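Nothing here was measured: the structure is a model prediction, and the numbers come from that model. Chain naming here is simple, since letters A, B, ... match the order of the sequence lines and numbering starts at 1 in each.
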There are 2 protein chains.
Amino acid sequence: MNYSIKEFSLKTGLSAPTLRYYEKEGILPFVKRDGNGNRIYDDENFEWMDCIVALRSSGMPMAEIKHYVDSFNDGEKTIQERKQVVLNHKLRIQNEIMQLNKHLDKVNYKLALYDILEADQKKQNKKL
Amino acid sequence: MNYSIKEFSLKTGLSAPTLRYYEKEGILPFVKRDGNGNRIYDDENFEWMDCIVALRSSGMPMAEIKHYVDSFNDGEKTIQERKQVVLNHKLRIQNEIMQLNKHLDKVNYKLALYDILEADQKKQNKKL
DNA sequence: GATCCCCTTAAAGTGGACTTTAATTACTTT
DNA sequence: AAAGTAATTAAAGTCCACTTTAAGGGGATC
């Protein structure tokens with residue numbers, strides 16, 4: 001299945017300029033062109049993009065993704081290296097989740113304080 | 001206890017320019033000055049900053065923190081409003097954690113694929 | 001009294017990840 | 001043939017949260 005940039009934009013949820021930008025940055029390689037030089041995307045491009053988007057939206061920086069893609073293009077000899085990149089990313093995500101849970105605790109503590117404040121206010125109103 | 005900007009910077013882990021920036025943005029109010037116009041921070045400032053830093057590092061945007069601080073300065077009548085802000089933030093954090101867990105699943109799946117790839121490579125090497 | 005070190009302000013610069021603009025080309029529809 | 005729609009490129013702009021720079025003012029120390 002082939003897609004114009006507009007269709008691919010809809011399918012991926014990325015704007016057309018973003019797709020061009022990713023391609024220019026080397027993050028989305030192997031995009032074909034038609035006779036007029038217009039981009040034609042296929043399902044393989046989609047799978048690639050799907051993977052990249054997952055890495056991006058879980059906080060991997062562009063530069064690291066670029067590195068990963070470049071390794072990929074260097075073939076099988078880089079499997080170890082790529083696995084390591086993904087492993088590091090896993091640790092990064094786990095760390096982030098831990099941090100967020102800590103902050104969640106603090107926020108819940110604050111909410112508890114607000115509950116007490118509110119209860120006190122109600123008492124005061126009763127007295128009036 | 002009083003602190004110079006340098007000491008307070010050490011205590012909070014925020015750079016002196018960042019402290020001045022936060023103050024200018026209205027996020028850290030009530031900072032006193034000495035005779036020469038130099039800032040003097042106290043423990044109340046620290047507690048405030050501690051709370052703000054927790055909100056910031058769990059992803060609350062500056063503008064929202066500013067709003068929260070402004071409400072705080074408007075007194076008790078804004079308790080409901082402030083509680084709502086914190087509650088929204090709690091939901092944001094929970095959402096973020098959920099998203100990250102999804103991405104973690106994807107990453108683990110990818111790692112499993114790499115394990116299979118590696119196993120296959122070893123087999124191939126045995127054959128040679 | 002020159003040298004440090006810390007402080008002040010306003011303003012300009014930075015980094016990352018896009019987004020927007022401008023100028024141009026090509027196909028399609030009326 | 002004119003108008004409309006979608007594509008192309010390079011380059012400039014945007015947003016956020018700082019960071020850095022520039023220009024200067026105390027006050028303690030050698």
Problem - Length of the CZ-P vector between A:F8 and D:dA7, whole Å - result: 14 Å
Handout entry: From B:N2 atom CG to B:R39 atom CZ, the distance as rounded to the nearest 0.5 Å
Key = 15.0 Å
Handout entry: Length of the line joining B:I52:CD1 and D:dC18:C1', which is rounded to integer Å
Key = 16 Å
Handout entry: Between C1' of D:dT8 and CD of A:E23, the distance in whole Å
Key = 12 Å
Problem - Separation of atom CG in B:D34 from atom C1' in D:dG27, rounded to whole Å - result: 11 Å
Handout entry: From OH (B:Y22) to CD1 (B:I65), nearest 0.5 Å
Key = 7.0 Å
Problem - In one Ile/Leu/Val/Met/Phe/Trp/Tyr side-chain cluster, 4.5 Å: B:I52, A:L111 - result: yes
Handout entry: Atom pair distance, as rounded to whole Å: CD in B:E25 and P in D:dC16
Key = 11 Å
Handout entry: Option passing side-chain contact (heavy atoms from CB on, under 4.5 Å) with B:V107 (candidates A:M60, A:R92, A:H89)
Key = A:H89
Practice task
List the protein contact pattern of nucleotides 5-20 of chain C with one symbol per nucleotide (5' to 3'): B for base contact, S for sugar-phosphate-only contact, - for none; contact means a heavy-atom distance under 4.0 Å.
Solution key: -SSBB-------BBSB
Exercise for the section: Would you mind reading off the distance between B:I65 atom CD1 and D:dC18 atom C1', rounded to a whole angstrom? Expected result: 13 Å
Exercise for the section: Would you give the length of the straight line joining atom CG of A:D70 to atom CD1 of A:I27, rounded to the nearest 0.5 angstrom? Expected result: 9.0 Å
Practice task
May I ask you to decide if the ring planes of A:Y3 and A:F8 are parallel, tilted or perpendicular, using 30° and 60° as cut-offs?
Solution key: tilted
